[in-house]
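Numbering of ligands and ligand atoms starts at 1, following listing order.
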Amino acid sequence: MRYLTAGESHGPCLTAIVEGVPAGLKISESQINSDLARRQSGYGRGGRQSIERDTVEVTSGVRFGRTLGTPIALAVRNRDWQNWTDRMAPFGDAPSDLVREVRPRPGHADLVGALKTDTDDCRNILERASARETAARVAAAGIAREFLAELGVEVFSYVTSIGGARYEEDDPLMRAPDYKPLAIEMSEVRCPDGAATEAMKAEIDRAKAAGESLGGTFRIVATGLVPGVGGYATAADRLTARIGGALFSIPALKGVEFGLGFEAARRPGSEVHDPIEVDRTAGFVRTSNNAGGLEGGMTTGMPLIVTAAMKPIPTLMTPLSTVNLDTLEPEEASKERSDTCAVPACAVVAESEVAFALAGAYLEKFGRDNMADIKAAFKAYQQRLRTMSR
Ligand code: EPS
């Protein structure tokens, strides 16, 4: 299952095409819209989110609520487009009063993109490098999530830190994460802990008052996985590489850790690896989950637990110094309307990438054509695993 997106932040719409989806998968428009709403939410977001009401339009590949097994095309319209029709017009001449973007922001794709593509207007770069593009990813990932849900897999996320404010979990690598969807989604920063939520909001308030922006960390968890998805035989099969690569396609991500992550490098082997036991009903289980649900590039059957770090947003209301591309003189970087913090939204985008990576690996293991065949193969596999642990 693969997706491709197109679209500029202030163009008419964002588009996604998802291919490799089996036939007969039930798709819910409202489920996709609720994921889009989660991506728009979060304390510390800027003015754009009060303009947009992201909803999905499905224009191909689905009939009567079920997939046809053909490419699925999705659109998310930009309401803000109506304010940009002259400055972002696909055809005709540029307006005579057009203000080019010539003060590249450190940390954004502005400068390097302009050098690479030979343009004197960083807008040609920033329109696409904008985090707005992630709305199309979240819409596309709705398909992957529905597929995984049919096989009992659920993907969720929560924020573990914003700036210096942290949510200290008792047991972050617990065997069965205590998924608290209500507490997560009720929190304005998508953190299940009330005190940590308040501390994170206070950090955002301080940053906003100082014209600053803030990054943070979040955890993505997938439950209900069966062991043996992914592969150990070739580099391309390894689910660790696929999930890591998928997450690093999110522009603002600077770090990804699986399970114990960097902490594993500081401990002896006996305090890292997860002992194996056999349980009459559950089959082969682990007494800990330091690996974060992946061993040898494959799922172990324990929850997948990935922690990711997002850098602060590059647009600063108290801007850093840059160079004006016209005069080559030092100047303040441009100040586009922006978010103080988008960590809660980034966690939702990261869920989408993990869902795509997992859905692709499940399809490779259980077949691709239609849901009935896939479910039959899935059931047979579970049956064989049960026999092997008895
Ligand atoms: C975003 C839309 C953008 C930004 C933000 C994310 O809208 P606008 O540029 O009109 O304010 O708010 O983009 C960035 C943080 C960025 O660096 O480009 C969205 O819908 O997520």
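- Ring geometry for Phe356 against Tyr3 counts as tilted: the plane angle lies between 30° and 60°, on a 0 to 90° scale.
- Here's the thing with Arg48: one of its N/O atoms is less than 3.5 angstrom from an N/O atom of ligand 1.
- Here is the list of ligand 1 atoms found below 4.0 Å of a heavy atom in Asp339: 5 (C), 6 (C), 12 (O), 15 (C).
- By the criterion of a heavy-atom distance under 4.0 Å, neither the backbone nor the side chain of Gln40 is placed next to ligand 1.
- Not counting sequence neighbours, Asn33 has no partner by the side-chain hydrogen bond (donor to acceptor under 3.5 Å, both in side chains) test.
- The aromatic rings of Tyr167 and Tyr158 stand perpendicular to each other, their planes meeting at an angle above 60°, with 30° marking the opposite boundary.
- In terms of polar-atom proximity, Thr134 is not counted as a contact of ligand 1, lacking any N or O under 3.5 Å from an N or O of the ligand.
- Looking from atom 3 (C) of ligand 1 to the surrounding protein, the closest heavy atom is Ser130 OG, 3.9 Å.
- Here Asp237 does not pair with Lys365 in a salt bridge; the nearest charged N to carboxylate O distance is not below 4.0 Å.
- Side-chain N/O atoms of Arg103 and Thr322 include no donor and acceptor closer than 3.5 Å.
- When only non-hydrogen protein atoms are considered, atom 19 (C) of ligand 1 lies nearest to Gln49 NE2, 3.1 Å.
- For atom 10 (O) of ligand 1, the closest non-hydrogen atom on the protein side is Arg337 NH2, 2.5 Å.
- Atoms of ligand 1 found under 4.0 Å from any heavy atom of His10, numbered from 1 in the order shown, are 8 (P), 9 (O), 10 (O).
- Salt bridge Arg286/Glu277: absent, no basic N to carboxylate O contact under 4.0 Å.
- A salt bridge does not link Glu52 to Arg45: none of the charged nitrogens lies less than 4.0 Å from a carboxylate oxygen.
- Between Glu351 and Arg145 there is a salt bridge, since at least one side-chain N of the basic residue sits less than 4.0 Å from a carboxylate O of the acidic one.
- Checked by distance only, ligand 1 and Arg45 come closer than 3.5 Å through their nitrogen or oxygen atoms.
- Among the atoms of Arg39, some N or O lies under 3.5 angstrom from an N or O of ligand 1.
- Proximity to His108 (heavy-atom distance under 4.0 Å) selects the following atoms of ligand 1: 16 (C), 17 (O), 18 (O).
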